[in-house]
Enquirer: 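Shown below is the structure under consideration.
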Number of protein chains: 2
Amino acid sequence: MDGPTSRPGGRTARVRAAVLAAVVADLEEHGLEGLGVDGVAARSGVHRATVFRRWGDVGGLLADVLDAAADDAWTPPDHGSLAADLEDLAQEVLRYVGPAGSTVRALMGAAERFPRAQAGVHRFLDDRYRRSAVVVERAVARGEVDASVEPRRVLVAALGPLYHHLLHLPDPPDAADAAAYVRLVVAGITAPGGRPPRG
Amino acid sequence: MDGPTSRPGGRTARVRAAVLAAVVADLEEHGLEGLGVDGVAARSGVHRATVFRRWGDVGGLLADVLDAAADDAWTPPDHGSLAADLEDLAQEVLRYVGPAGSTVRALMGAAERFPRAQAGVHRFLDDRYRRSAVVVERAVARGEVDASVEPRRVLVAALGPLYHHLLHLPDPPDAADAAAYVRLVVAGITAPGGRPPRG
DNA sequence: ACTCTATCGCGACAGTTGTCGTCTTAGGAG
DNA sequence: CTCCTAAGACGACAACTGTCGCGATAGAGT
């Protein structure tokens with residue numbers, strides 16, 4: 001995500017590391033409400049104006065944290081069945097966006113307010129869903145589901161209710177809820193006599 | 001939500017109407033980012049301190065707008081089949097939270113930041129889902145689906161992906177997307193040979 | 001008509017957010 | 001080692017957010 005910037009090494013990288021570390025630390029301690037550029041600047045030892053110049057606002061900070069974190073080699077699980085794979089993904093969503101101090105959750109909360117945060121959410125989820133598509137493709141290869149299904153739509157249908165539940169409903173979902181949402185979708189596309197879903 | 005407050009009529013009600021009208025107007029014009037207590041106070045002719053005292057923050061403002069709007073006699077449609085009813089609900093979600101200046105959307109965006117907004121989202125969606133449960137109950141009565149399904153879970157499974165898509169994915173969903181998410185769930189619980197879903 | 005009190009108007013205040021221009025420094029190029 | 005430039009440091013600044021105490025008033029009860 002750095003591109004061919006002029007001075008990738010040295011001080012700049014050090015400043016970025018210090019700031020991002022301060023963001024996650026402040027986030028875990030005080031949550032999204034307690035996260036401010038001023039606090040991050042003080043904690044990281046970097047000047048306020050510098051943080052504003054490079055990251056713009058809290059949304060930019062969070063987006064950069066996630067961009068840095070997304071630079072991993074994550075790959076979806078392979079349990080041999082679509083249901084098991086999707087349930088595993090759902091549990092992972094629960095683990096990552098469930099906790100109040102979670103970066104993903106904070107970023108989603110800031111998305112509507114800060115354009116940079118919204119772009120960060122888009123990048124993160126798009127990458128996530130792109131990597132997860134193999135789960136559905138493997139199911140197609142196994143003959144578990146019809147080849148006409150669109151992997152992305154199945155993933156969103158299976159995990160979307162969990163995100164919605166986590167972020168917008170009063171009662172926090174547990175592992176059983178996550179599994180139930182997945183099963184509701186899997187039952188549809190793997191139903192023996194059911195008509196092949198169009199999308 | 002007024003309860004047995006002491007002075008429901010007269011000036012207080014007038015102030016509330018003026019402020020809430022200013023909120024929706026500012027929201028439509030400048031979006032959530034451009035919504036501030038100061039602007040609302042100026043536009044409504046009500047003093048800053050009064051707005052802060054009664055509503056606390058932007059989240060309180062948005063929550064009250066939605067509380068006022070939820071005081072209607074809305075009832076879910078009855079098209080004679082679960083699929084048609086759910087698709088209708090999905091289209092309604094699309095209409096109401098799709099537009100950028102929508103109050104529901106703004107409230108959801110502010111939820112993570114302001115506790116009052118979060119409570120407002122909870123109240124609104126809970127009420128909405130409670131009223132919509134009849135759609136599933138009618139399907140059970142018709143014998144369309146098994147009686148063991150939990151209406152709330154079906155609704156969340158059918159509409160959750162749409163909320164998720166609307167709020168967190170780059171490409172805005174259209175009517176076809178909304179219908180597809182619904183069908184994916186309906187196919188599962190109405191599948192002739194499929195095992196009865198557990199919840 | 002009179003009283004009483006919840007609510008509003010008002011202005012002062014402190015803290016936070018975000019911008020700007022200027023100066024200094026780290027560190028790459030020669 | 002020296003020069004040059006991108007990046008950070010610094011402090012001043014305006015706008016917004018949220019709080020407080022005090023005085024004014026609408027409007028309900030009698």
Side-chain angles (χ1 to χ4, degrees), chain A residues 1-23 26-27 29-64 106 109-110 112-117, chain B residues 1-23 26-27 29-64 106 109-110 112-117:
Chain A
M1 219 29 83
D2 285 281
T5 44
S6 36
R7 301 274 178 87
R11 183 168 63 159
T12 297
R14 219 158 45 231
V15 165
R16 180 163 116 121
V19 167
L20 296 191
V23 170
D26 264 20
L27 201 57
E29 282 179 26
H30 315 110
L32 178 57
E33 311 169 49
L35 184 67
V37 178
D38 252 11
V40 169
R43 183 167 207 149
S44 64
V46 174
H47 198 271
R48 279 171 26 82
T50 298
V51 179
F52 276 114
R53 249 195 290 266
R54 278 193 62 175
W55 287 276
D57 54 27
V58 179
L61 248 10
L62 288 167
D64 200 29
E112 204 69 24
R113 212 171 170 71
F114 304 107
R116 287 181 190 80
Chain B
M1 227 12 95
D2 284 281
T5 46
S6 37
R7 300 276 176 87
R11 184 168 62 161
T12 297
R14 220 159 42 232
V15 166
R16 179 163 115 122
V19 168
L20 296 192
V23 170
D26 263 20
L27 201 57
E29 283 179 26
H30 314 110
L32 178 58
E33 310 169 51
L35 185 67
V37 178
D38 253 12
V40 169
R43 182 169 207 146
S44 64
V46 173
H47 198 271
R48 280 170 28 81
T50 299
V51 179
F52 275 114
R53 250 194 295 261
R54 280 193 61 176
W55 288 275
D57 55 25
V58 179
L61 248 11
L62 289 167
D64 199 29
E112 205 69 23
R113 211 170 171 71
F114 304 106
R116 287 180 189 83

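So that the names make sense, note that chain A is the first sequence line, chain B the second, and so on, each numbered from 1.
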Enquirer: List in chain and number order the residues that pass side chain to side chain donor-acceptor pair (under 3.5 Å) with A:Asp64, two or more places apart in sequence or in another chain; answer none if no residue qualifies.
Expert: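 A:Asp64 satisfies side chain to side chain donor-acceptor pair (under 3.5 Å) with A:Arg16, A:Trp55 only.
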Enquirer: Testing B:Val58, B:Val19, B:Val46, B:Leu20 one by one against B:Val40 for a side-chain contact (heavy atoms from CB on, under 4.5 Å), which residue passes?
Expert: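 Among the candidates, only B:Val19 passes.
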Enquirer: CZ of A:Arg113 versus C1' of C:dT16: gap in Å, rounded?
Expert: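 Going from A:Arg113 (CZ) to C:dT16 (C1'), I get 13 Å.
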Enquirer: From the set C:dG9, C:dT7, D:dA26, return the single nucleotide nearest to any side-chain atom of B:Thr12.
Expert: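 Between C:dG9, C:dT7, D:dA26, the one nearest the side chain of B:Thr12 would be C:dT7.
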Enquirer: Calculate, to the nearest 0.5 Å, the distance between atoms NE2 and CZ belonging to A:His47 and A:Arg53 respectively.
Expert: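 Reported to 0.5 Å precision, the distance equals 9.5 Å.
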Enquirer: How would you list, by chain and number, every residue that makes a salt bridge (charged side-chain N to carboxylate O under 4.0 Å, His left out) with B:Arg43, sequence neighbours excluded?
Expert: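 Testing B:Arg43 for salt bridge (charged side-chain N to carboxylate O under 4.0 Å, His left out), a comparison that skips the adjacent residues, returns B:Asp26, B:Glu29.
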Enquirer: Got a sec, which residues hit salt bridge (charged side-chain N to carboxylate O under 4.0 Å, His left out) with A:Arg113, two or more places apart in sequence or on another chain?
Expert: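 For A:Arg113, no residue satisfies salt bridge (charged side-chain N to carboxylate O under 4.0 Å, His left out) once neighbours in sequence are set aside.
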Enquirer: At what distance, to the nearest 0.5 angstrom, does CG of A:Leu61 lie from CZ of A:Arg116?
Expert: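 Atom-to-atom, A:Leu61:CG and A:Arg116:CZ are 10.0 Å apart.
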Enquirer: Look up atom CZ in B:Phe114 and atom CG in A:Leu32, then write down how far apart they are to the nearest 0.5 Å.
Expert: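 So the CZ of B:Phe114 and the CG of A:Leu32 are separated by 9.5 Å.
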Enquirer: Whole angstroms only, please: what is the CZ-P distance between A:Arg14 and D:dA9?
Expert: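 Rounded to the whole Å, the gap is 11 Å.
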Enquirer: Give me the distances for all protein-to-nucleotides 11-16 of chain D N/O pairs that come in under 3.5 Å?
Expert:
none

Enquirer: Between A:Val37 and A:Arg48, is a side-chain contact (heavy atoms from CB on, under 4.5 Å) present by the stated rule, with each step listed?
Expert: CA-CA 7 Å; A:Val37 178; A:Arg48 279 171 26 82; 5.6 Å; no
Enquirer: Restricting to salt bridge (charged side-chain N to carboxylate O under 4.0 Å, His left out), what partner residues turn up for A:Glu33, sequence neighbours left out?
Expert: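 With neighbours one apart ignored, the set is empty.
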Enquirer: Rounded to 10°, tell me the angle between the two end axes of the helix from C:dA1-D:dT30 to C:dG30-D:dC1, each built from five pairs.
Expert: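 Its terminal axes enclose an angle near 30°.
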Enquirer: Could you list the residues that satisfy salt bridge (charged side-chain N to carboxylate O under 4.0 Å, His left out) with B:Arg14, not counting sequence neighbours?
Expert: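 Partners of B:Arg14 by the salt bridge (charged side-chain N to carboxylate O under 4.0 Å, His left out) criterion come out as none, since no residue qualifies.
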Enquirer: In residues 52-60 of chain B, what residues come within less than 4.0 Å of DNA chain C, judged by heavy atoms?
Expert: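 B:Arg53, B:Arg54, in order of number.
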